[in-house]
Amino acid sequence: MTNQNVVVQAITVAAVANSPPLFTYPPPRTSGSSAAAAIPKKYLSPVDLGGGWTNGWLEAMKASSPTHAKSALLSAPAVESEQDEQSTWIMRHPSALSKFEQITSATKGKQIVMFLDYDGTLSPIVDDPDSAFMSDTMRAAVKKVARLFPTAIVSGRCRSRVYEFVRLTELYYAGSHGMDIKVPKGTRYTKKKKAVLFQPASEFLPLMNEIHKALLETTRSIPGAKVENNKFCVSVHFRCVDETCWGVLVEQVVSLLKSHPELRLTQGRKVLEIRPTIKWDKGKALEFLLKSLGFADNKNVVPIYIGDDHTDEDAFKVLRDRGQGIGILVSEYPKDTNASYSLKEPYEVMEFLLHLVEWKRHSLKARSEE
Ligand SMILES: O=P(O)(O)OC[C@H]1O[C@H](O[C@H]2O[C@H](CO)[C@@H](O)[C@H](O)[C@H]2O)[C@H](O)[C@@H](O)[C@@H]1O
């Protein structure tokens, strides 16, 4: 078992797209002085800890909720109508189903490596994170895909938890937003004698447990708040919290972070996430897995990454920067993204996976008959 540590470095800021964002992420400071001046640069979080930090996050929480984002668009006279917005976006990020042939022709003769996010991609978003089950039909589709292509799950969840949901031993798993990767021994692709465990934030484990405990305690008074221990990341869910309490909740999180400049705050779908300020994310995890599979500099490899969240943007950006691979965003709404294609919901993800299986089987058969 290898356990490499990655040096704690300056922060990687979340991926930003070329076009103007529909809502800002990470949130801007709204006012206040910077308490971050005293913090060593290597630990500096994406937004400083000045007085505006809480307000900035609160605004971001509101703006990233689709109903808010939508009404903001509709009330701005300069913005195109909602429908125009949708069709402009879909032209830029066409459906991976309607452009299926374009995708497969780009992968012809090349090795596809499949990367799948879990929540909102393989399982629908539900109120209770512990009930985010994947359907049997989706599991069967992923199983079929994994028979044909190396397949990895890259999730914000704790690795063991996401495995409990997926329950497919033949996959590679990266949990805690890529900070906990397990490459099993002796797979078809790696043939390694020992499993490889890569945990670049391992030194943060005791601190993350402390943070989890502290947040369980402080958020106890807020109805609907849920704190999840994702090993190298702690998630504070606000999906079931009344909007009037969001300010108090974010204040609690921010005040805890004030004494921990080595941690940073990010936001997912109705969730605030506290994680170590290390230069590691889902994009780095994608690169690490490609390397572990022996495909590091292989130009004949096409990674396909499907995800629905801010944190998946790091992976989309890696593919865009490499000029290699296909990023597919799962979203019903126009969102600022580095992905090239889109799918509306997990059901469409399943259809796409099954199309891919069908196409690959067909081309293998055709080749064997040549
Ligand atoms: O990277 P992912 O696999 O997409 O994980 C991201 C977060 O997903 C989970 O939260 C999200 O899904 C929940 C269940 O549908 C939903 O209730 C919540 O509002 C969403 O944010 C998970 O619970 C988090 O720990 C993950 O970080």
Side-chain angles (χ1 to χ4, degrees), residues 14-15 25 60-62 64-67 114-135 138 142 151-166 168 171-181 201 208 211-212 215-216 219 224-243 246 249-250 253 264-276 280-286 289 305-316 327-332 335 337 339 343 345-347 349:
Y25 184 84
M61 285 157 78
K62 288 182 181 170
S64 64
S65 126
T67 45
M114 185 63 71
F115 294 90
L116 299 164
D117 166 56
Y118 183 72
D119 289 279
T121 297
L122 296 182
S123 69
I125 293 293
V126 291
D127 283 351
D128 176 13
D130 293 331
S131 307
F133 302 109
M134 177 183 184
S135 67
M138 180 66 97
V142 176
T151 302
I153 304 290
V154 186
S155 172
R157 287 191 187 252
C158 169
R159 181 167 49 82
S160 58
R161 189 75 184 114
V162 77
Y163 177 75
E164 279 169 18
F165 280 122
V166 179
L168 292 172
L171 310 186
Y172 302 88
Y173 290 86
S176 309
H177 294 298
M179 288 179 282
D180 188 7
I181 303 180
M208 297 319 289
I211 295 290
H212 175 240
L215 283 171
L216 271 182
T219 61
K226 187 174 170 84
V227 184
E228 195 183 357
N229 188 340
N230 283 324
K231 199 164 183 170
F232 299 110
C233 170
V234 175
S235 302
V236 180
H237 293 272
F238 58 93
R239 181 169 297 279
C240 297
V241 174
D242 191 275
E243 203 176 313
W246 289 6
L249 184 69
V250 76
V253 174
R264 64 172 165 140
L265 185 58
T266 57
Q267 193 195 327
R269 296 178 72 172
K270 299 272 174 77
V271 67
L272 292 169
E273 303 196 284
I274 296 113
R275 44 170 157 164
W280 197 266
D281 52 37
K282 286 184 172 184
K284 297 274 182 202
L286 179 149
L289 281 161
Y305 188 104
I306 312 183
D308 72 315
D309 216 340
H310 285 306
T311 57
D312 299 308
E313 290 299 328
D314 295 316
F316 296 146
I328 304 176
L329 176 74
V330 184
S331 180
E332 275 184 68
K335 268 190 196 168
T337 183
L343 289 169
E345 38 150 343
Y347 186 79
V349 173

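These numbers were taken from a predicted model, which means no experiment stands behind them. For ligands, and for the atoms within them, numbers begin at 1 and follow the listed sequence.
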Identify the protein heavy atom lying closest to [atom], giving its residue, its atom name and the separation to 0.1 Å.
atom	answer
atom 3 (O) of ligand 1	S155 OG, 2.7 Å
atom 20 (C) of ligand 1	R269 O, 3.3 Å
atom 10 (O) of ligand 1	H237 CE1, 3.4 Å
atom 23 (O) of ligand 1	E228 OE1, 2.6 Å
atom 27 (O) of ligand 1	E273 OE2, 2.5 Å
atom 2 (P) of ligand 1	D117 OD1, 2.8 Å
atom 7 (C) of ligand 1	D119 OD2, 4.1 Å
atom 16 (C) of ligand 1	V126 O, 3.2 Å

Does [X] reach the side chain of [Y], with side-chain heavy atoms less than 4.5 Å apart?
X	Y	result
K270	W246	yes
R275	T266	yes
V330	D312	no

### Side-chain donor/acceptor of K226 to backbone N/O of C240, under 3.5 Å
no
Short list, please: which atoms of ligand 1 are under 4.0 Å from a heavy atom of [X]?
X	answer
Y118	3 (O)
D127	17 (O)
V271	21 (O)

### Task
Determine, for R269 against D119, whether the closest basic-nitrogen to carboxylate-oxygen distance falls under 4.0 angstrom.
no
#### Entry: Polar contact flag, side-chain donor to acceptor under 3.5 angstrom, D180-S176
no
### Message
Checking H310 against Q267: is there a side-chain donor and acceptor pair closer than 3.5 Å?
### Response
no
### Query
Between R159 and Y163, is NZ or CZ placed under 6.0 angstrom from the six-membered ring centre and within 45° of the ring axis?
no
For ligand 1, which part of [X] has a heavy atom less than 4.0 Å away: the side chain, the backbone, both, or neither?
X	answer
P124	backbone
A132	side chain
T121	neither

### Message
Using every non-hydrogen atom in the two residues, find where P124 and F133 come nearest and quote the distance to one decimal.
### Response
CD-O, 4.1 Å
#### Entry: Check: D128 N/O within less than 3.5 Å of ligand 1 N/O
no
### Task
Flag V154 as yes when one of its N or O atoms lies below 3.5 Å from any N or O atom of ligand 1, and as no otherwise.
no
### Test applied, side-chain hydrogen bond (donor to acceptor under 3.5 Å, both in side chains); reference residue, H177; option that passes from K284, E273, R157
E273
